[in-house]
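Single-structure report; data block below.
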There are 4 protein chains.
Amino acid sequence: MAATKREAILEAALDLFVEKGVSAATTREIAEKAGTAEGNLYRHFESKDSLARHLFGECAGRFRKRLVDAAAGASSPAEKIGALVRAMFAFASDEEAAFSFIILSHHTEFASGPIRNPQPLPRDVFGEVIRSGIDRGVFRPVDPNLGTAWIVGMTQRAITFARSGRIECPKEETVERTVEAAIRLLEP
Amino acid sequence: MAATKREAILEAALDLFVEKGVSAATTREIAEKAGTAEGNLYRHFESKDSLARHLFGECAGRFRKRLVDAAAGASSPAEKIGALVRAMFAFASDEEAAFSFIILSHHTEFASGPIRNPQPLPRDVFGEVIRSGIDRGVFRPVDPNLGTAWIVGMTQRAITFARSGRIECPKEETVERTVEAAIRLLEP
Amino acid sequence: MAATKREAILEAALDLFVEKGVSAATTREIAEKAGTAEGNLYRHFESKDSLARHLFGECAGRFRKRLVDAAAGASSPAEKIGALVRAMFAFASDEEAAFSFIILSHHTEFASGPIRNPQPLPRDVFGEVIRSGIDRGVFRPVDPNLGTAWIVGMTQRAITFARSGRIECPKEETVERTVEAAIRLLEP
Amino acid sequence: MAATKREAILEAALDLFVEKGVSAATTREIAEKAGTAEGNLYRHFESKDSLARHLFGECAGRFRKRLVDAAAGASSPAEKIGALVRAMFAFASDEEAAFSFIILSHHTEFASGPIRNPQPLPRDVFGEVIRSGIDRGVFRPVDPNLGTAWIVGMTQRAITFARSGRIECPKEETVERTVEAAIRLLEP
DNA sequence: CATGAATGAGTTTTCATTCAT
DNA sequence: AATGAATGAAAACTCATTCAT
């Protein structure tokens with residue numbers, strides 16, 4: 001369970017935002033699920049929108065940390081890419097709701113305008129690894145942002161498809177084949 | 001402009017749903033943007049939710065038609081894959097809002113539960129092409145759904161990144177490099 | 001009764017604002033008293049505060065009209081002052097709530113800051129009459145605004161005292177003695 | 001600064017009640033401005049309403065004392081009236097918020113009904129002076145309450161106008177002219 | 001005495017939907 | 001078909017008051 005009421009609110013909100021979307025999730029439901037009074041939400045967060053933004057920041061931060069750690073634990077650029085893709089699968093599995101919320105947030109703007117990057121985003125990690133691989137000549141030259149789009153996009157969709165049961169092969173294999181496919185995209 | 005009021009409503013709703021999400025777009029805004037009275041929405045559609053579902057069906061149908069036509073116009077499986085990726089880019093560019101709405105609909109459920117497949121979905125087209133390529137031995141063996149996930153995911157993200165200006169190379173090149181990358185994923 | 005719902009809302013709000021103050025009167029009470037749904041308030045006015053401001057404008061306008069008409073109907077400055085004082089008593093008696101609301105509004109700021117003069121205020125009428133009396137030599141020289149303060153203040157208080165039953169002499173006499181006292185203040 | 005927390009609360013509440021009205025000032029704001037915790041308000045006062053009533057009692061008491069002292073320091077009725085008017089100006093200037101709060105309280109009822117006179121009110125002082133002046137034949141016969149209404153009303157308005165910068169002549173002169181005008185009202 | 005998180009009943013406001021015209 | 005005022009249920013948000021620490 002959550003250590004503090006504040007955390008309980010964040011957890012409840014995360015689940016509900018993912019389940020029904022930010023604007024369809026009501027403060028009443030969030031409070032109820034968090035085991036607190038509705039008004040108490042507003043002691044901890046300015047508004048529902050601010051709660052959503054805060055949550056996005058937290059989730060993106062946790063995700064990014066996982067990616068950074070994964071990349072740090074591998075040596076060659078190709079191994080780093082593999083580690084990143086595996087880390088995406090692992091994060092999506094360990095923190096299902098957080099992962100979904102990050103994806104969701106790309107498609108639904110919050111009430112008070114789009115999210116301004118207050119911190120480096122998860123995807124930046126990919127760009128750096130690709131760039132360094134190209135510099136060392138082990139990856140073919142591609143716009144690092146385009147490479148990021150490819151790998152992040154294919155991995156995210158593979159995760160989503162796997163989750164919804166559309167892919168028949170065992171999960172372990174899905175991960176490894178996706179890792180191999182991602183590296184294939186960058187090989188000279 | 002829209003030929004009929006009904007079309008005007010569909011157009012206005014599409015724009016607003018994409019801009020702020022289905023539940024955050026109000027019927028009042030939709031009516032205003034469509035240049036009609038709020039109550040008139042209910043002469044054409046049962047409810048806001050039904051309007052959204054109808055819209056999804058229309059957009060997905062148009063998208064699927066583009067993909068089917070594209071695949072039909074190419075002969076080899078590899079050419080078909082290339083044609084499909086190009087068609088995704090083209091559709092995203094011609095029907096910006098429709099494309100965004102399709103993507104968005106994957107992440108936000110409508111009020112009355114998830115969308116039930118009333119018709120074949122765009123992604124099914126990819127699966128069939130991949131399957132036939134594998135059968136003919138020109139693609140390596142992969143779960144066709146996994147292959148679909150990869151290609152649809154990478155292409156969609158490339159489109160999104162390109163739209164938001166994060167990719168520097170010219171649009172034409174982004175398309176062709178993505179086509180080539182998609183085929184690379186399936187080559188033996 | 002009120003001809004339209006909008007007027008019914010204005011009337012109900014006026015009574016309640018005077019009775020309990022703007023911030024203590026609730027939109028629910030207002031709607032109930034106006035015989036309409038709470039939400040309908042917001043079709044006619046942006047917010048409770050905007051309703052209060054609008055009401056102030058209306059009441060002040062009606063009051064001012066009464067004063068202007070009264071002054072126009074008298075010839076000499078002293079008669080004009082007498083007519084103005086009598087008009088204040090008459091307005092307070094005919095439109096009890098409106099008069100009270102004007103007074104109240106001087107002491108309680110609306111939520112969104114003080115009222116900016118969007119139109120000439122009732123008190124301006126006094127200033128002009130006093131100024132012209134001084135110019136013609138029938139009034140002694142005083143700052144016209146100070147003279148206005150005196151007469152408006154004494155009259156308003158006399159009305160309030162009379163209303164609350166603190167003054168024993170008959171109403172008619174209260175009015176005439178106040179008229180005479182006001183003129184006395186300005187005589188050379 | 002305030003010597004005790006209790007006084008700090010009273011001071012903060014007074015300022016806020018005057019600024020936005022009793023019901024619009026929140027306990028949170030009051031506590032914050034007083035530099036204490038919200039809950040602490042309830043150690044010193046039963047409720048917000050009780051705090052407001054207490055404050056009214058205090059302010060009215062201080063005001064009354066100033067008036068009583070002023071009247072006591074003058075000998076003839078006319079001099080007493082002059083002293084009273086000067087004392088009103090002085091009090092309004094020394095204790096700006098307290099004066100405003102007294103005025104405000106005439107127009108806005110507290111939550112639990114109107115203020116019951118628990119003590120003689122400031123205005124009573126005027127009544128007595130006027131009565132005694134009439135008895136001694138130095139004032140013309142008027143209902144003493146009506147006379148009070150005139151003088152209190154004109155003085156209060158003069159103060160309000162002067163405060164808001166609408167009167168051009170120097171403050172000292174405003175006071176003396178108002179004193180002279182008040183006496184004029186009562187002269188035979 | 002002091003704190004400030006927590007409460008819950010209340011408030012203002014919103015909005016999909018209906019309906020008389 | 002079209003309108004837009006009206007509805008009412010539910011939303012977000014507020015705030016006086018309580019209470020464990």
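First the proteins, then the strands, lettered A, B, ... as listed; each starts at 1.
E/dT18: Watson-Crick or G-U partner is F/dA5, with both key distances under 3.5 Å. Using the Watson-Crick or G-U wobble rule with both distances under 3.5 Å, F/dA12 pairs with E/dT11.
Distance noted for atom P between F/dT21 and E/dC1: 23 Å (whole Å).
Taking atom CD1 of D/Ile9 as the reference point, atom P of E/dA2 lies 8 Å away to the nearest angstrom. Regarding C/Phe45, its CZ atom lies at a distance of 13 Å from the P atom of F/dA5, rounded to whole Å. At whole-Å resolution of the value, CG in A/Asp49 and P in E/dT14 are 15 Å apart. Residue C/Arg6 contributes atom CZ, which lies 11 Å from atom P of F/dA5 at whole-angstrom precision. What separates CG of A/Leu41 from P of E/dG10 is a distance of 20 Å, to the nearest Å. Rounded to an integer number of Å, the gap from CD of C/Glu46 to P of E/dT12 is 16 Å. Here E/dT14 presents its P atom at 12 Å from NZ of B/Lys20, a figure rounded to the nearest Å. Rounded to a whole Å, the CD atom of A/Glu38 is 15 Å from the P atom of F/dC15.
Salt-bridge annotation for B/Glu32 and B/Arg28: absent, with no side-chain N of the basic residue lying under 4.0 Å from a carboxylate O of the acidic one.
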Residues B/Thr160, B/Arg163; criterion side-chain contact (heavy atoms from CB on, under 4.5 Å); working and verdict: CA-CA 5 Å; B/Thr160 313; B/Arg163 252 189 203 173; 5.6 Å; no

Chi angles and distances behind the side-chain contact (heavy atoms from CB on, under 4.5 Å) call for C/Arg43, C/Asn40: CA-CA 5 Å; C/Arg43 169 165 309 283; C/Asn40 203 26; 3.8 Å; yes

Trace of the salt bridge (charged side-chain N to carboxylate O under 4.0 Å, His left out) decision for A/Lys33 with A/Glu29: CA-CA 6 Å; A/Lys33 185 158 194 171; A/Glu29 287 170 318; over 6 Å; no

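B/His54 and B/Phe45 have perpendicular rings, their planes meeting at more than 60° on a 0 to 90° scale where under 30° would count as parallel. Using cut-offs of 30° and 60° for the angle between ring planes, the A/Phe63 and A/Phe99 rings count as perpendicular.
Among E/dG8, F/dT3, F/dA6, the nucleotide with an atom closest to any side-chain atom of B/Ala37 is F/dT3. Distance from the side chain of B/Arg43 is smallest to F/dA1 among F/dA1, E/dT11, F/dA6. When each of E/dA2, E/dT12, E/dA16 is scored by its nearest atom to the side-chain atoms of C/Lys48, the top-ranked nucleotide is E/dT12. Of the listed nucleotides (F/dT18, E/dA6, F/dT7), F/dT18 has the atom at the smallest distance from the side chain of D/Tyr42. Which of E/dT3, E/dT12, E/dT7 sits closest to the side chain of D/Thr36 comes down to E/dT3. Side chain of D/Asn40, nearest nucleotide from F/dA2, F/dA6, E/dA2: E/dA2.
Among the atoms of the strands shown, base atoms are found under 4.0 Å from some heavy atom of B/Thr27. No engagement by A/Ala31 is indicated, since no non-hydrogen atom pair under 4.0 Å with the nucleic acid exists. Heavy atoms of D/Ala24 sit nowhere under 4.0 angstrom from any nucleic acid atom.
Put simply, D/His44 has no side-chain N or O that comes within less than 4.0 Å of OP1 or OP2 on E/dC1.
Where B/Gly39 and C/Ser23 each meet DNA chain E at their nearest nucleotide, the meeting point lying more 5' is that of C/Ser23.
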